[in-house]
K.L.:
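My structure is below; once you've seen it, I'll send some questions.
Predicted model, so just to flag it, every value in this text is computed and none were measured. Values below: every heavy atom of this structure, side chains too, minus hydrogens, waters and symmetry copies. The sequence lines fix the lettering, A, B, ..., with proteins before strands; numbering per chain opens at 1.
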2 protein chains.
Amino acid sequence: MKVTGDQALVKKINTSIALEAIQLHAPISRAQVASMTGLNKATVSNLVNELLEQQLVLEIGPGQSSGGRKPLMLLFNRHAGYTIGIELGIGSFTAILCDLSGQIVLEEANIPIRSNESEHVIDSLCDTITALRSQAPSAPYGTIGIGIGAPGMVDEEGNVLFAPNLGWRNVALKRAIEERFPGAIVTVDNEARAGAIGEWEYGAGEKAQHLVYISAGAGIGTGTIIGGELFKGAYGYSGEMGHMTIEANGRKCSCGNRGCWELYASEKAIAEAGKNVSYHSLEEIMQAAEQDEPNALHTLHQIGEYLGVGIANIINTFNPELVIIGNKLTQAERWIRKPLLRTVQQRTLQSHQHGLQIHFSSLQQRSTVLGAANQVIQLFVGRTKVSV
Amino acid sequence: MKVTGDQALVKKINTSIALEAIQLHAPISRAQVASMTGLNKATVSNLVNELLEQQLVLEIGPGQSSGGRKPLMLLFNRHAGYTIGIELGIGSFTAILCDLSGQIVLEEANIPIRSNESEHVIDSLCDTITALRSQAPSAPYGTIGIGIGAPGMVDEEGNVLFAPNLGWRNVALKRAIEERFPGAIVTVDNEARAGAIGEWEYGAGEKAQHLVYISAGAGIGTGTIIGGELFKGAYGYSGEMGHMTIEANGRKCSCGNRGCWELYASEKAIAEAGKNVSYHSLEEIMQAAEQDEPNALHTLHQIGEYLGVGIANIINTFNPELVIIGNKLTQAERWIRKPLLRTVQQRTLQSHQHGLQIHFSSLQQRSTVLGAANQVIQLFVGRTKVSV
DNA sequence: CATTGTAAATTTAGAGCATAAATAAAGTTG
DNA sequence: CAACTTTATTTATGCTCTAAATTTACAATG
């Protein structure tokens, strides 16, 4: 959005800075916030007092003195409001209610979807949202909003442009939810991008300024965080790296391209490799791998290698500190991990390997719901940044 | 940089907004600037008057009245200062002196470099810089700085971390130049990233908010502009997309990886394809192609196709509005163009093709020098942006 | 236990900037 | 030439940050 500078903007920026310092370093005193952020003590006092009035911050009494007056310690009031996070999957969805620090209060996992018809799905989502809202603890701001991670391309207005697994085209999901819950903050984003935020804020991504999250399931989606911010790309719907070519003359993909990464490194690879054997799902092949069946082991190893090929490309493109692999394929970490790491090591520039870490998701299927919820929280607290 | 909000920041933001409006829409009146930017008329008047004092803006007298008082038209004073842009190549470098709007005043093209030894190269650069500075027209701010585009990985401090074609490792190029020209603004960036800025500001990239520049020469480098800003990536030196794998089991690359894009879509592909024929350079193969030699034509077509494969990956990753192909291979546009476009069309998602344009560089080898010069100009005028 | 020193938080006074409204300047138009 | 328009500046006001002074609250010390 086009923004000009005025005093309100200054205050917004500084409030955001102060609140973030409190969130990250609680319990913390006003004086510490001032010295840490570079803001003037008086400014911090003013801003904090307003945040106290708004109940976004709590004073929990005096802390340890360091030779003088005891500081009054501050906490981010994670119970000021609650938010709902939803991961829309294939055949089912998962919804959570969490507080402003991402602590899950209620969870409704794997609610089946009977029909992929968008109206039906939206009805179903709304029923669950209503149920969660009614069970939410009372809070100054109540349930502030609903964040949704959807499988497919989502534009900046929250329209699901294309979701092949749901058979959706141009579904105005955000608007539909907003209409049902007037006043609520609603966000809709791609499932992998929400997952990236989830891992970054609450999972394996702690503190990393630059990370890439790879959602490897029925296909491959990616979410990228650069400089502590979600990388939006042009028009807001980049991230179709699952359709990056890694075999120029490879198999035909449903997207029209050939040799797409997700053909070789997602569940799609199982069905393909198993054409002559009888593996049709990740579950099946994992069972077989447990029995040390050579075919299953080989297929899983190959998936690991191909995941590594794509990850190497991502590393060369974005040079992140951290790559996190999430979604269903993490269940096969045992078999995938080694070939994946070896491939990445072989295929990336030495200089990019420096300080690079590769992790599997630590949130166990909760990356997306938490990330979706976090997107609402970010809007609620009004995070604002300046680049010079 | 970590920034807190104060009045100085507000002024900086608004000055930047006003100046940009004048640069882009000159000649323009104060009133137009105000209505265009959303700034208050009084604010614009104040800021413009300061810019006039600073000689960054000129008043060129009254314009056409639209029914009332004639507006006083404003121009960006492109002669307020001059800047030097340098493209460091292999075996030679090119330097220009240009005004603040990128108009080239002096050009020293293809100055040979006798030895790649960094000290020698730096000496040589400094000689040319000194010569250009001494010939620069007199201006309020004189020659404000030096921008350099270097072939290789450059970090945010202007250190050339790795430039295989020069045999450089960890050369503190920016600091070296700064020491020789105290007070000058010095920037050092990767050649392709500078090229992206050059094309965006002065070339085929006009007005596009999201573009990718592909520098196809001895290797492949890329520069990406997203949301009107150079995409820096983690640590500032992303963009090694030339080493993206497009043939998982392809040829070995000097970077350690296999099947890197630049092996198939840069000059490297000529040497390789020509192992049994006698093409060793772009010039040779183009001569042969002029004579319709089938081998040459086939090789060039293939290069076009492989360029398309990589570009398709980039499109899926960044979803830009505009892709610009620059550097040496543009000379072979005649032969490359068609297979390239066809391949991209075949390999990208329909939704991404919507509104996508693919151009060849319009600046003819000047993308990088102009982009490098522009980086200095940007710092000089202090462009500042806010994201909400 | 009163004194001294220190740290935290608040108050005060001052300055910078943007803005709306009023005013001035310089046109056009019938 | 009077009425209307548009452009630019001036004025008065409000908001925010900041430095410095002040208040508050505690620790250490003889």
K.L.:
Just the rounded figure in Å: distance from P of C/dA8 to CG of A/Leu74.
P.N.:
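From A/Leu74 CG to C/dA8 P: 13 Å.
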K.L.:
Taking any heavy-atom pair under 4.0 Å as a contact, classify A/Ala42: base, sugar-phosphate, or nothing.
P.N.:
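Base contact.
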K.L.:
Measure the distance from NZ on B/Lys12 to P on C/dG16 and round it to the nearest whole Å.
P.N.:
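The distance from NZ of B/Lys12 to P of C/dG16 comes to 18 Å, rounded to the nearest Å.
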K.L.:
Does B/Gln32 or A/Gly38 map to a spot on DNA chain D nearer the 5' end, using the closest nucleotide for each?
P.N.:
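Looking at the nearest nucleotide for each, B/Gln32 comes out on the 5' side.
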K.L.:
May I ask you to decide whether A/Lys174 forms a salt bridge with A/Glu156, counting only side-chain N to carboxylate O separations under 4.0 Å?
P.N.:
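Not counted as a salt bridge, because no side-chain N and carboxylate O are separated by less than 4.0 Å.
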K.L.:
Select from B/Arg69 and A/Asn49 the residue whose nearest nucleotide in DNA chain C is closer to the 5' end of that strand.
P.N.:
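It is A/Asn49 whose nearest nucleotide is closer to the 5' end.
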K.L.:
Quick check for you: among C/dA7, C/dA18, C/dA22, whose closest atom lies nearest to any side-chain atom of B/Asn14?
P.N.:
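Looking only at side-chain atoms, B/Asn14 lies closest to C/dA18.
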K.L.:
Does A/Asp155 reach the main-chain N or O of A/Asn159 with its side chain, forming a donor-acceptor pair under 3.5 Å?
P.N.:
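Pair found, side chain donor or acceptor close to backbone of A/Asn159.
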K.L.:
Within this structure, what is the CG-to-P distance between B/Asp6 and C/dC17, rounded to whole angstrom?
P.N.:
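Roughly 9 Å, once rounded to whole Å.
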K.L.:
Using the closest heavy atom to pick a nucleotide of DNA chain C for each, name whichever of B/Leu39 or B/Lys70 lands nearer the 5' end.
P.N.:
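Mapping each residue to its closest nucleotide by heavy atoms, the 5'-most match is B/Leu39.
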K.L.:
I would like to know whether B/Glu157 and B/Arg175 meet salt bridge (Lys or Arg N to Asp or Glu O under 4.0 Å); could you show each step before the answer?
P.N.:
CA-CA 8 Å; B/Glu157 274 74 46; B/Arg175 210 180 47 208; over 6 Å; no
K.L.:
What I want to check is whether the side chains of B/Arg30 and B/Asn49 have a donor and an acceptor closer together than 3.5 Å.
P.N.:
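A pair is found: one side chain offers a donor N or O, the other an acceptor, under 3.5 Å apart.
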K.L.:
Out of C/dG27, C/dG16, C/dA20, which has the shortest distance to the side chain of B/Asn40?
P.N.:
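Between C/dG27, C/dG16, C/dA20, the one nearest the side chain of B/Asn40 would be C/dA20.
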K.L.:
Under 4.0 Å from any heavy atom of chain B: name the first and the last nucleotide of DNA chain D that qualifies, 5' to 3'.
P.N.:
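Using the under 4.0 Å cut-off, the span is D/dT5 to D/dC17.
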K.L.:
Could you check whether A/Ser45 gets within reach of a base, just the sugar-phosphate, or nothing at all, counting any heavy atom under 4.0 Å?
P.N.:
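The answer is base, as A/Ser45 lies within the cut-off (heavy atoms under 4.0 Å) of a base atom.
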K.L.:
Compute the centroid of each ring, for B/Phe318 and then for A/Phe318, and state whether the two points are separated by less than 6.0 Å.
P.N.:
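Between A/Phe318 and B/Phe318, which both carry aromatic rings, the centre distance is below 6.0 Å.
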K.L.:
Quick one: does B/Ile17's side chain get under 4.5 Å of B/Val33's, heavy atoms only?
P.N.:
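Answer no - side chains too far apart.
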K.L.:
So what does B/Ser65 touch, heavy atoms closer than 4.0 Å: a base, only the sugar-phosphate, or nothing?
P.N.:
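Since only primed, P, OP1 and OP2 atoms lie under 4.0 Å of B/Ser65, the category is sugar-phosphate.
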K.L.:
What are the two closest heavy atoms between B/Thr83 and B/Gly145, and how far apart are they?
P.N.:
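Heavy-atom minimum between the residues: OG1-O, 3.2 Å.
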K.L.:
What's B/Ser66 touching, base or sugar-phosphate or nothing? Going by heavy atoms closer than 4.0 Å.
P.N.:
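Here B/Ser66 touches the backbone only, sparing every base.
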K.L.:
Starting from P on C/dT11, measure out to CZ on A/Arg30 and report it in whole angstrom.
P.N.:
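One finds 11 Å between P of C/dT11 and CZ of A/Arg30, rounded.
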